[in-house]
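Below is one structure; the comments refer to it alone.
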Protein chains: 2
Amino acid sequence: MTTRDHALLRIAVDLCVLTVREGSLQALIITRGNEPFAGRLALPGGFVRTDEDIPDAAIRELGEETGLDLGRLHLEQCGVYGEPDRDPRGRVISVAHLVVMPDLPLPVAGSDASGAAWRPVDEIRGGLAFDHDRILNEAVERARRRLELTTLATRFCLPEFTIGDLRTVYEIVWGEPVDPRNFSRKVVNTEGFVQPTGTKRVPPTGRPAALYRTGAATTLNPPILRAGGH
Amino acid sequence: MTTRDHALLRIAVDLCVLTVREGSLQALIITRGNEPFAGRLALPGGFVRTDEDIPDAAIRELGEETGLDLGRLHLEQCGVYGEPDRDPRGRVISVAHLVVMPDLPLPVAGSDASGAAWRPVDEIRGGLAFDHDRILNEAVERARRRLELTTLATRFCLPEFTIGDLRTVYEIVWGEPVDPRNFSRKVVNTEGFVQPTGTKRVPPTGRPAALYRTGAATTLNPPILRAGGH
DNA sequence: TCAAAAGTGTTGGATCTACACCCATGG
DNA sequence: CCATGGGTGTAGATCCAACACTTTTGA
């Protein structure tokens, strides 16, 4: 081995928590209370503790900063950001995570952050602290691809949802319209994507829609592809 | 913020370097010279230095342990492995990388490792130190998916290759036969996958095959899918 | 002329897109 | 009975697996 100057570093988790809300794709954003970047917007996150596994740190930080319980939510590693100067406090390596959840009321913010709130991705893009803009963009792009190849979209929905709800998720995350009639068939004919509950939901106007729950499948075969190729 | 016991940790890079050689998918494996796991097989890797970016550390370690120059090779992060007890020396978090390269003669092993060598993935599976079996399996599975969706396969080939060479890569990495006639058309008709050099290579027996170079595209649209779905 | 590998033509089936059309409900 | 959203039928285009067949070389 060469010189033994391998560093002792701090390692952090950052969370890109996404939901579909009020007709747009939104991310959970905190306003930083401390330096560096005090007063600026950032993704929730924090340092990993001694003897703490990385997913556990992500779950803990999300609870501390937003009051959310990751128990039933989709949590997925989506990159390591380790440039030496990415944090002015010194060397910090961050493991970014993508979290997807339905539009639930936010519990009151916990001790750590002076307010976590949903903000439309399109509004905050370009204004985040650290390298969080890059993390956000890469996480959103990953979510878009995941909708093509996996059943991730159901994670944006409440436990019971209609095909229309699911289609809205695709339209908002992809930012393009999806044909309701063909989409309905694709979803229902894809083994394990959704399972009917047998019940229906009556909309304010129009025909009642069948309700579904998430199915057992995780990958979509065949995939559901966006129109533009990519 | 809560208690400030966030740890100072060591961070390492591990490298899953893959090639197609002698009719099988092979990985670059070292025999460990030091404890822990002295004498056992492992993936190349080592600690990240102070002020060193993570990809730079991967490139440096590969050079030190194998003499290879990553300059023109495919290098891709493929996961973070951070369980508290994964390394008996203490808390070490590893960023795993997938490297893909053609079957080139290995430079003489450098200072660090007493011998890096190609070993068929199927032979070493289950026998690696640390959690490297898991890293290897996940990296190989990622490579398999990458062949479906990207032009990664050309990275297994020398600068000039035939469609047959490329097909062999698919067959060996996927572990299943691919129809030569349909494959040829798919590759040639996919914009930007390969570009003809205008020259040919004459095999020991049979009709000469046109030679190609890597094209400009990185993603395959449409994808080239395996038979079994997944 | 034969073996071997490269490459083309073609066909039937699967799948997707686009859109016409029908269904079920509240006002 | 009308507006609204849910859902089905279907024709045409497109894509793809399978395989017969042709091409081009060395021996």
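In what follows, chains carry the letters A, B, and so on, assigned in the order in which the sequence lines appear, proteins first and then strands, with residues in each chain numbered from 1.
Considering only residues two or more places apart in sequence or on other chains, D53(A) meets the side-chain contact (heavy atoms from CB on, under 4.5 Å) condition with P55(A), D56(A), E83(B), P84(B). Qualifying side-chain contact (heavy atoms from CB on, under 4.5 Å) partners for D131(B), counting only residues two or more places apart in sequence or in other chains: Y81(B), R86(B), I135(B). The ring pair (Phe, Tyr, Trp, His ring centres under 6.0 Å) check on F183(A) picks up Y170(A), with sequence neighbours excluded.
Between E76(B) and R146(B) a salt bridge is recorded (basic side-chain N to carboxylate O distance below 4.0 Å). Of the charged side-chain nitrogens involved, none lies within less than 4.0 Å of a carboxylate oxygen, so that R142(B) and E138(B) do not count as a salt-bridged pair.
Using a 4.0 Å heavy-atom distance criterion, R201(B) is classed as making no nucleic acid contact.
One N or O on the side chain of E148(A) and one on the backbone of R226(A) form a donor-acceptor pair closer than 3.5 Å. A donor-acceptor distance shorter than 3.5 angstrom exists from the side chain of T154(B) to the backbone of T151(B), with no hydrogens or angles considered.
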Contact state string [nucleotides 9-18 of chain C, B base, S sugar-phosphate only, - no protein heavy atom under 4.0 Å]
BB-----SBB
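Near-neighbour residues of DNA chain C inside residues 151-165 of chain A, defined by a heavy atom below 4.0 Å, are absent.
Put simply, CG on N189(B) is 12 Å from C1' on dC16(D), counting in whole angstrom units. Computed from coordinates, the F183(B) CZ to dA18(D) C1' distance equals 17 Å when rounded to whole Å. As rounded to whole Å, 16 Å separates atom C1' of dA5(C) from atom CG of L166(B). Spacing between atom OH of Y170(B) and atom C1' of dA17(D) amounts to 17 Å, rounded to whole angstrom units.
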Check the pair R213(B) / Q195(B) against side chain to side chain donor-acceptor pair (under 3.5 Å), numbers first and verdict last.
CA-CA 5 Å; R213(B) 265 192 282 275; Q195(B) 50 183 176; 4.6 Å; no
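The only member of T214(A), V169(A), L211(A), T168(A) that meets side chain to side chain contact (heavy atoms under 4.5 Å, CB included) when paired with F161(A) is T214(A). When each of L15(B), T19(B), L68(B) is paired with L28(B), the side chain to side chain contact (heavy atoms under 4.5 Å, CB included) condition holds for L68(B) and for no other.
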Please list, for nucleotides 24-27 of chain D, all pairs of protein and nucleotide N/O atoms separated by less than 3.5 Å.
unit_1, atom_1, unit_2, atom_2, d
dT24(D), O2, R207(B), N, 3.1

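Side-chain contact check for N182(B) and R185(B): at least one donor-acceptor pair (N or O, by modelled atom type) lies under 3.5 Å.
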